[in-house]
Amino acid sequence: MCVLSGDHKPTAYSTRELELFFGEPSFLIFELVTFLILAYLVLIHVLYRHVTNRKEITELFLLGYGPAWLGAIMNMMLKASMEILKSSIKGESKFVSIETFLSVTVTVLLAVAQIMFVNRGLKKFEHRTIKFIGFYQALMMMLGVTTGGIFYGEFDVFTPGRWWVFCIGAFFATWGLLILSFVDTPRTHIIDMPTRKYCPCYTRFICGIADAI
């Protein structure tokens, strides 16, 4: 739903237009916020490294968010390279240029870093691979769509209907991420009753989903 809500018109941005996109305050602020989230997850992982009941969750968030963040930027840079290629075919840009070299180089470096992150996550969650892959893929989709929407200004032309579709999709994706994160976490309850009513662990909303499953 998040992907379908976007604009699917053919594009061919010139090198100059892409440079202007990179300098947009909204894009710079978004990237700064997402980077600070990554830094926060690293800090939490370091602080709770020896706390048994939080170790798996902090590792899942860090090892899932890290490659997802890198993958979102990598996809954006790869698309930028393709945009330069398309505009060069139309004679609006030069494909053989320093900008193309930089975009391709950054794309390759991000891809390598992403693979290293994913491999570490797969090794850490070797007995729960589906949990890690699902968490990572959902996060990368969310970050990728949001990054592209801000970078290429797609959100600026969203109609109310597109916003509804996007937000509903984002809601269910976030809901799924919470379930993947907490559904199989051991919980201790005062009495043996459904967790929806007696839930001293996280939120009743999440525990209710665990009951349903």
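Since we're looking at a predicted model, the values are computed, not measured. The analysis underlying the following values was restricted to heavy atoms, covering all of them including side chains, and did not include hydrogens, waters or symmetry mates.
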Engineer: Kindly indicate whether the side chain of Phe166, heavy atoms from C-beta on, has any atom under 4.5 Å from the side chain of Glu154.
Structural biologist: no

Engineer: Quick one: side-chain hydrogen bond (donor to acceptor under 3.5 Å, both in side chains) pairs with a partner in residues 101-113, sequence neighbours left out?
Structural biologist: Ser81-Ser103

Engineer: With a 4.5 Å limit on heavy-atom distance, are the side chains of Phe125 and Glu59 in contact?
Structural biologist: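 Of all side-chain heavy-atom pairs linking Glu59 with Phe125, at least one is under 4.5 Å.
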
Engineer: Given the rule that I, L, V, M, F, W and Y join up when any side-chain heavy atoms are under 4.5 Å apart, are Leu43 and Leu38 in one cluster?
Structural biologist: yes

Engineer: When you look at CE of Met116, are more than 12 heavy atoms from neighbouring residues, nucleotides or ligands closer to it than 6.0 Å?
Structural biologist: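 No, the 6.0 Å shell around CE holds no more than 12 heavy atoms from other groups.
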
Engineer: Say you draw a straight line from CG of Leu143 to CD of Glu31; how long is it, rounded to the nearest 0.5 Å?
Structural biologist: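 One gets 9.0 Å once the value is rounded to the nearest 0.5 Å.
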
Engineer: Hey, is CD1 on Ile130 packed in by over 12 heavy atoms from elsewhere, all under 6.0 Å?
Structural biologist: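 Count not over threshold, so no.
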
Engineer: Are any of the side-chain heavy atoms of Thr129 and Leu122 separated by less than 4.5 Å?
Structural biologist: yes

Engineer: Would you please name every residue forming a ring pair (Phe, Tyr, Trp, His ring centres under 6.0 Å) with Tyr40, sequence neighbours left out?
Structural biologist: none

Engineer: List for me each residue that meets ring pair (Phe, Tyr, Trp, His ring centres under 6.0 Å) alongside Phe30, sequence neighbours excluded, and say none if there are none.
Structural biologist: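 Phe30 satisfies ring pair (Phe, Tyr, Trp, His ring centres under 6.0 Å) with no residue once adjacent residues are dropped.
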
Engineer: In terms of hydrophobic clusters joined by side-chain contacts under 4.5 Å, are Ile37 and Phe117 together?
Structural biologist: yes

Engineer: Are Phe27 and Ile29 joined in one hydrophobic group, where the rule is that I, L, V, M, F, W and Y side chains link up if heavy atoms are under 4.5 Å apart?
Structural biologist: yes

Engineer: Quick check on the 6.0 Å ring-centre criterion: do Phe151 and Phe22 meet it?
Structural biologist: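 Phe151 vs Phe22: aromatic centres under 6.0 Å.
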
Engineer: Can a donor-acceptor pair be found between the side chains of Tyr136 and Gln114 at a distance below 3.5 Å?
Structural biologist: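 Note: Tyr136 and Gln114 side chains meet the donor-acceptor criterion.
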
Engineer: My understanding is that only residues two or more places apart in sequence, or in another chain, count here; which of them pass ring pair (Phe, Tyr, Trp, His ring centres under 6.0 Å) with Trp164?
Structural biologist: none

Engineer: Show the atom names and distances, to 0.1 Å, of all donor-acceptor pairs under 3.5 Å that link a side chain in residues 62-79 to residues at least two apart or in another chain.
Structural biologist:
residue	atom	partner	partner atom	Å
Tyr65	OH	Thr34	O	2.7
Trp69	NE1	Thr34	OG1	3.0
Asn75	ND2	Gly71	O	3.2
Lys79	NZ	Glu83	OE2	3.0

Engineer: Please name all residues satisfying ring pair (Phe, Tyr, Trp, His ring centres under 6.0 Å) with Phe61, sequence neighbours left out, ordered by chain then number.
Structural biologist: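 Checked Phe61 against ring pair (Phe, Tyr, Trp, His ring centres under 6.0 Å); matches are Phe135.
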
Engineer: Rounded to the nearest 0.5 Å, what separates atom CD1 in Ile150 from atom CD in Glu24?
Structural biologist: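 Between Ile150 CD1 and Glu24 CD, I get 11.0 Å after rounding to 0.5 Å.
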
